[in-house]
Amino acid sequence: MAREIVSDMDGLRRTHYCGEVALSDVGSQVVLMGWVNRKRDLGELVFIDLRDRTGLVQVVTESKSTPASFEVAQNVKSEYVLAVRGTVKKRAPGMENPDLKTGAIEVQADEIRILNTAKTPPFYIWDDAGADETLRLKYRYLDLRRAPLQRNLEIYHRTSMAVRNYLSSRGFWEIQTPMMTRSTPEGARDYLVPSRIDKGKFYALAQSPQLFKQLFMVAGIDRYFQIVKCFRDEDLRYDRQPEFTQIDIEMSFAEEEDVWGEVEGLVKYVWKEVLGVDIEPPFPRLTYQEAMERFGSDKPDTRFGMEIKDVTPVFSGSSFGVFRSAIDQGGTVRAIAVPGMAGASRQEIERLTERAKLHGAKGLITVAYLGGEVKSQIRKYLTDEEIAGLAQATGASEGDLVLIVASDFDTAVTVLGRLRLELASKLGMIPKDRYNFLWITAFPLLKINEETGRWEAAHHPFTSPFKDDLDKVRPDATDEEKGKIRARMYDLVMNGVELASGSIRIHRRDLQEKVFALLGMSQEEARRRFGFLLDAFEYGAPPHGGIAFGMDRMVMLLAGAENLREVIAFPKTASASCLMTEAPAEVEPERLAELGIILAKDVKRS
RNA sequence: GGAGGCGUGGUGUAGCUGGCCUAACAUACGUGCCUGUCACGCACGAGAGCGUGGGUUCGAAUCCCAUCGCCUCCGCCA
């Protein structure tokens, strides 16, 4: 590239953003700075679409009237950085471009300076992505030039500002907490940071500021929030990144309704500020138990019906083996009615059955109500009363297909819950532009870890149990009792996505110790790991509770984005690497030596 | 950790039941022409040996094995 065609700004000052030159500017001199989106060279006449984050404006130059700028324009190529000084002209009738915000005008260039040249980009900087995501991630700074991504980053910014404005107006203080902290063995895997000064010891990158924010309450901060990065070393999903951002909130002297009220106000404010959409709190509340019963999920999508029904009573006298044994073993028979699917082919039924098995069912029974007939692989086992009862219980009518799973409760509702989502999506039953917020409450305090067979905190070990269940908070509680302890925990769910999760915390040392003991933690262990918290509780800890939003996830929903990578500036891939910086990367042996780290021989090195 | 999908000029795709493929189309790119374009148009040109490594075969982009990368799902995510 000939460097001599590049000039300096030399005092030239931008007067307008490209997308903001308007009809009202006609006749005035403007100075624009931006990137060449496209050049259209018609010989003695050149058009350049100049782009910045606000949009495009057409710059025009011709050999006869503006020879100086015309000469420069001929050397211009895509993605060159230009400064353009010129006059805003109204376009002649019939020459406007209605697709462009600035389509009614154009800028006649008196002077064009090339501030920098550019290689041909590896992919088009157009609105639709087109290129493979691998390539786009490698050249993320070019991908971020695209309007849709810039729009998402702007939405992220506006969301941040709305959150800060609202919470500040409600008396919350934004205070930072350490990123480098102590590893907490529960929950997600930690990212570890070796200590140079104290070799052999490690910090962990914070999975959340949980303990710090509780200590703020002990400190009398009363109301705290933070927009904060959190780190969890777990496998990624379209809506999960290893480093992500939370809106972390905690308040003193608060019970459930206090937290929910603040959150509902925040959500209403953010949706209005960012999307101009009115959300009407209070949000419906559903217990965990009810959510599982009706939707087979603790984050139900309530934008459509097709709820799960208990049809155990219908089949209580059934002779059909699958129903019989499920019921006799204390299990249940559950069903959903899929509208208009009675005509499903044998192959479609087969596919559904496969899905059901994938989700953990032993099989799937279907009953089709079609043309006054009843079609089912277990037709001969069904009595007329059962057929009528099934239709009655599920609300199935002519043309519907009823899916039945007989199993233990969890499997039955989970399987049907997943099929419900898959089918609703496939059948186009999910209305767009709906924001169905709801609270899920009264979660179980503990859940059993399938791998270790041990009981663990469902949320985290600082969650307060229900008062009525405190009698079961004993180290010698039976499994049945442990499973029944309810937690003062709540999730904010929208359209089937968990947006926020929180709880009323334990604020007394004795109860906290009991819960640690319930989790099988010895006193010594509890003291070693959480001694500072237990100590703090002895110095006047106020009752408190809070919540944390998945900020990126929220922006993803606000932006209508498909995945988190569309709203995070520099995201990681599914294997947690950054294709642009090529992180993670090996480090110099000296660095490791300094940290007292020796790599095991068998670690994979490329 | 497991399953599936994808990987072909700069980009997006076609080819993939083996030979008509020293790979086609579009677009981008280069050169030239063009005064009202806005996915400008027209003409000409250059550009890949098919992710990587093995194997089968007379012959592989096409079949097999392994491996790498990306995406999605399950497990995992207090």
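Convention: sequence-line order gives letters A, B, ...; per-chain numbering from 1. For clarity, every value in this text was computed on a predicted model and none was experimentally measured.
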Legend entry - Separation of atom OH in Tyr139(A) from atom P in C70(B), rounded to whole Å: 16 Å
Legend entry - Between P of C73(B) and OH of Tyr238(A), the distance in whole Å: 7 Å
Inset, instruction - Name the nucleic acid region contacted by Leu358(A), choosing base, sugar-phosphate or nothing; use a 4.0 angstrom heavy-atom cut-off, strictly under. - result: nothing
Inset, instruction - Determine the Euclidean distance between corresponding P atoms of C42(B) and A26(B); express it in Å to zero decimal places. - result: 11 Å
Inset, instruction - Would you indicate what Ser208(A) reaches in the nucleic acid, counting non-hydrogen atoms under 4.0 angstrom: base, sugar-phosphate, or nothing? - result: base
Inset, instruction - Evaluate whether atom NZ of Lys484(A) has more than 12 neighbouring non-hydrogen atoms of other residues, nucleotides or ligands under 6.0 angstrom away. - result: no
Inset, instruction - Would you indicate what Phe462(A) reaches in the nucleic acid, counting non-hydrogen atoms under 4.0 angstrom: base, sugar-phosphate, or nothing? - result: nothing
Inset, instruction - Take atom CZ of Arg53(A) as the centre, draw a 6.0 Å sphere, and report whether it contains more than 12 heavy atoms from other residues, nucleotides or ligands. - result: no
Inset, instruction - Can you tell me, in whole Å, how much space there is between the P of A14(B) and that of C25(B)? - result: 16 Å
Legend entry - Distance-only donor-acceptor test (3.5 Å): side chain Arg232(A), base C76(B): no
Inset, instruction - Report the distance from atom CE of Met580(A) to atom C1' of C70(B), rounded to the nearest whole Å. - result: 17 Å
Legend entry - Pairwise C1' distance for C71(B) and C65(B), with rounding to whole Å: 24 Å
Legend entry - Any Thr134(A) side-chain N or O less than 4.0 Å from OP1/OP2 of G69(B): no
Inset, instruction - Evaluate the criterion salt bridge (charged side-chain N to carboxylate O under 4.0 Å, His left out) for residue pair Asp301(A) and Arg420(A); output intermediate values, then yes/no. - result: CA-CA 10 Å; Asp301(A) 190 337; Arg420(A) 173 181 175 267; over 6 Å; no
Inset, instruction - Kindly say whether Leu192(A) contributes a backbone atom to a donor-acceptor pair with the side chain of Tyr203(A) at under 3.5 angstrom? - result: no
Legend entry - side-chain N/O Arg237(A) vs C71(B) OP1/OP2, d < 4.0 Å: no
Inset, instruction - Work out which heavy atom in Ala569(A) is nearest to a heavy atom in Leu144(A); give both atom names and the distance. - result: O-CD1, 3.8 Å
Legend entry - Of Asn563(A) and Arg240(A), the one whose closest RNA chain B nucleotide lies more 5': Asn563(A)
Legend entry - Salt bridge Asp469(A)-Arg486(A), side-chain N to carboxylate O under 4.0 Å: yes
Legend entry - P spacing across the pair G18(B) / G30(B), given as an integer number of angstrom: 41 Å
Inset, instruction - Please state the C1' separation for the pair U52(B) and A60(B) - nearest whole angstrom. - result: 16 Å
Legend entry - 5′-ward residue of the pair Ala574(A)/Leu236(A) relative to RNA chain B: Ala574(A)
Inset, instruction - Using the C1' atom on both, measure G7(B) against G41(B) and round to a whole Å. - result: 35 Å
Legend entry - Interatomic distance, Glu133(A) CD vs U72(B) C1' [rounded to whole Å]: 12 Å
Legend entry - Nucleotide forming a Watson-Crick or wobble pair with C20(B), both distances under 3.5 Å: none
Legend entry - For atom CD of Glu79(A) and atom P of A28(B), their distance in whole Å: 14 Å
Legend entry - Given G30(B), U11(B), U72(B), the nucleotide with the shortest approach to the side chain of Lys77(A): G30(B)
Legend entry - Plane angle bin for Phe216(A) and Tyr224(A) - parallel if under 30°, tilted between 30 and 60°, otherwise perpendicular: tilted
Legend entry - Atom-pair distance (CG on Leu137(A); P on G7(B)), nearest Å: 18 Å
Inset, instruction - Look only at the side chain of Glu243(A) and the backbone of Lys229(A), and say whether a donor-acceptor pair between them is shorter than 3.5 Å. - result: no
Inset, instruction - Return yes if the base of G7(B) and the side-chain atoms of Asp132(A) contain a donor-acceptor N/O pair under 3.5 Å, otherwise no. - result: no
Inset, instruction - Have a look at Leu579(A) and say if it touches a base, only the backbone sugar-phosphate, or nothing, with a 4.0 Å heavy-atom cut-off. - result: sugar-phosphate
Inset, instruction - Could you check how far CD of Gln74(A) sits from P of C33(B), rounded to whole Å? - result: 10 Å
Legend entry - Separation of the C1' atoms in G59(B) and C21(B), to the nearest angstrom: 13 Å
Legend entry - Base partner of U31(B), which must satisfy Watson-Crick or wobble distances under 3.5 Å: A43(B)
Inset, instruction - Provide, to the nearest angstrom, the distance between the NZ atom belonging to Lys357(A) and the C1' atom belonging to C73(B). - result: 19 Å
Legend entry - Ser577(A) side-chain proximity, nearest of U72(B), G10(B), C70(B): C70(B)
Inset, instruction - Rounded to whole angstrom, note down the P distance from U17(B) over to G55(B). - result: 23 Å
Legend entry - Contact letters for nucleotides 34-42 of chain B, in which S counts primed atoms plus P, OP1 and OP2 and B counts the base, heavy atoms under 4.0 Å: BBBBBSB--
Inset, instruction - For U72(B), take OP1 and OP2 only and decide whether either is under 4.0 Å from a side-chain N or O of Arg565(A). - result: yes
Inset, instruction - Check the surroundings of atom NZ in Lys138(A): do more than 12 heavy atoms from other residues, nucleotides or ligands lie under 6.0 Å from it? - result: no
